[in-house]
Amino acid sequence: MLDINLLRSDIDAIASRLASRGYTLDTCTFNQLEAERKALQTRMQDLQAKRNASSKQIGEAKRKGEDVSAIMAEVASLGDELKAAEQGFEAVQARLDDWLLSMPNLAHESVPLGGNENDNVEVRRVGTPRQFDFTVKDHVDIGTPLGLDFDTGAKLSGARFSVLKGDIARLHRALAQFMLNTHTGEHGYIEHYTPYIVNDTPLFGTGQLPKFADDMFKVLKGGDEEDRVEQYLISTSEITLTNTVSNSILKAEELPLKLTAHSPCFRSEAGSYGRDTRGMIRQHQFDKVEMVRIEKPEHSYAALEEMVGHAENILKALELPYRVITLCTGDMGFGAAKTYDLEVWLPAQNTYREISSCSNCEAFQARRMLARFKDENGKNQLVHTLNGSGLAVGRALVAVLENYQNADGSVTIPTVLRPYFGGRDKISR
RNA sequence: GGAGAGGUGGCAGAGUGGUCGAAUGUACCUGACUCGAAAUCAGGCGUACGUGCGAGCGUACCGAGGGUUCGAAUCCCUCCCUCUCCGCCA
């Protein structure tokens, strides 16, 4: 959520910055609504002040045993007026709130301008794609004989679900373990285990709601009809990790908070029909190790660079070639002020594909969830929140299968994962 | 699922219709005393929003949402959460 004071004071500048993200701000309607709000709020508060004063007088008069009928008559006439003012104010306020909640974040000044992913800017490439002396297979063809099973996934749950068996399942587990161990052991993140089902409030906090309800899975508790409150499966543990600090005032010395979790993520992928239908690039359920940081504003951009480095360390340790790109204004997510994507080399697709996304949301989420800290002057300030994948486990599995494949159909186990395989160096039939 | 007890400021804990944004204790901050500290004494110390250049002023908030009333932390209704015991359960 943007600071409404920015919109009040400099709406044209805000509108043009939002335009660079493809969002059109109707400044005229906003100004009109805001003027209405101001008038109604002032009026409502004046009436409330009047009522409070009169009620106090009534109390005092009664204690002294004086006649109160005159004041009573006076205050009685306030009632309807006050109710109307309150209702009017609430209606306008609700419209403003909805609007504000649906407005994307402003891009940081260092973000390249652009309309779509073609305008993203490559920052660096690390590692050299391996030269194969045989025809490379994609992860489906390599994985299927080794235990990657889409048919059973489809039988159980439909398209975009999979079952992992045997060494493939173990490789998947090893990847997640390795990532989590690295972030906790070497990068200083605190491991968390969090709910996979959440209420709507945290989703408003991190920005999935109100705009992106279609991307979520909803769940209902069993039992009586009226008990069936709607809840949501998390689409990322960014939701639970970031919301741990909602509605709180942290001490300055508690910051930064560095949190991590390994969790499944559930996404409905509405609107992505026909995209990445083959294989496990795009699934309704996938695992991810997430990094979240709660930072002081002045440190958040340094923290973003650091966090990207932490995600990169996983790829480096796995010896997977990748590149880092800066998303342009038109390709960034709703809440991000700046985003780096990490793209891993997939030989079968002969291209780099996203495996991590690291964003600084600045105060956008903090303002929604009221996450603050007390600064050196004793003032409450909104924190900055950051999140990044470190990494998407399913896609890491894809990358390992494709980059480490051998001519005989086996897959070499990356050195850092061998301890999770009792020292073995290869997966084969 | 059954029975009961609760949810008030950082924490503890008063407060059953008006002078309550809320006693008191504790923690914390500032000052005094002290060589320094402890103890003691004095003062300060919630959040959000509105308004004003500003000191300030105003409004709202006692788990959440409704209701009664001129007036609600206090009365009524609904919901949520926590705790204890029993049952079931990984």
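Proteins get letters first, then strands, A, B, ... in listed order; numbering begins at 1 in each. Heavy-atom basis, side chains included; hydrogens, waters and symmetry copies ignored.
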Considering only [options], which nucleotide approaches the side chain of [X] most closely?
X      : options                : answer
R37(A) : C70(B), G50(B), U47(B) : G50(B)
Q45(A) : C70(B), G58(B), U51(B) : G58(B)
K38(A) : U47(B), U19(B), U51(B) : U51(B)
K56(A) : U51(B), C70(B), U19(B) : U19(B)
Q48(A) : G50(B), G71(B), U59(B) : U59(B)
R51(A) : A60(B), A48(B), G50(B) : A60(B)
A49(A) : G18(B), G50(B), G58(B) : G58(B)
S55(A) : G50(B), U47(B), G71(B) : G71(B)

Counting the atoms with a prime plus P, OP1 and OP2 as sugar-phosphate, which does [X] contact under 4.0 Å by heavy atoms, base, sugar-phosphate, or nothing?
X       : value
R43(A)  : nothing
R367(A) : nothing
K50(A)  : nothing
I249(A) : sugar-phosphate

Mate of [N] where both pairing distances stay under 3.5 Å, Watson-Crick or G-U:
N      : value
G65(B) : C77(B)
A38(B) : none
G25(B) : C11(B)

Using a cut-off of strictly less than 4.0 Å, decide whether K374(A) has a side-chain nitrogen or oxygen near OP1 or OP2 of U47(B).
yes

At under 4.0 Å, does any side-chain N or O of N52(A) touch on OP1 or OP2 of A60(B)?
yes

[atom1] atoms of [N] and [M], separation to the nearest Å:
N      : M      : atom1 : answer
C76(B) : U82(B) : C1'   : 24 Å
U26(B) : C77(B) : C1'   : 38 Å
A14(B) : C70(B) : C1'   : 28 Å
G52(B) : A39(B) : C1'   : 46 Å

Check whether the ring centres of Y196(A) and F266(A) lie less than 6.0 Å apart, and answer yes or no.
no

So, [X] and [Y], do they make that salt bridge, N to O below 4.0 Å?
X       : Y       : value
R267(A) : D215(A) : no
K251(A) : E254(A) : no
R282(A) : E269(A) : yes

G18(B) base / K62(A) side chain donor-acceptor hit below 3.5 Å
yes

Using modelled atom types and a 3.5 Å cut-off, is there a donor and acceptor pairing between side-chain atoms of R293(A) and backbone atoms of L304(A)?
no

Interatomic distance, N247(A) CG vs G63(B) P [rounded to whole Å]:
15 Å

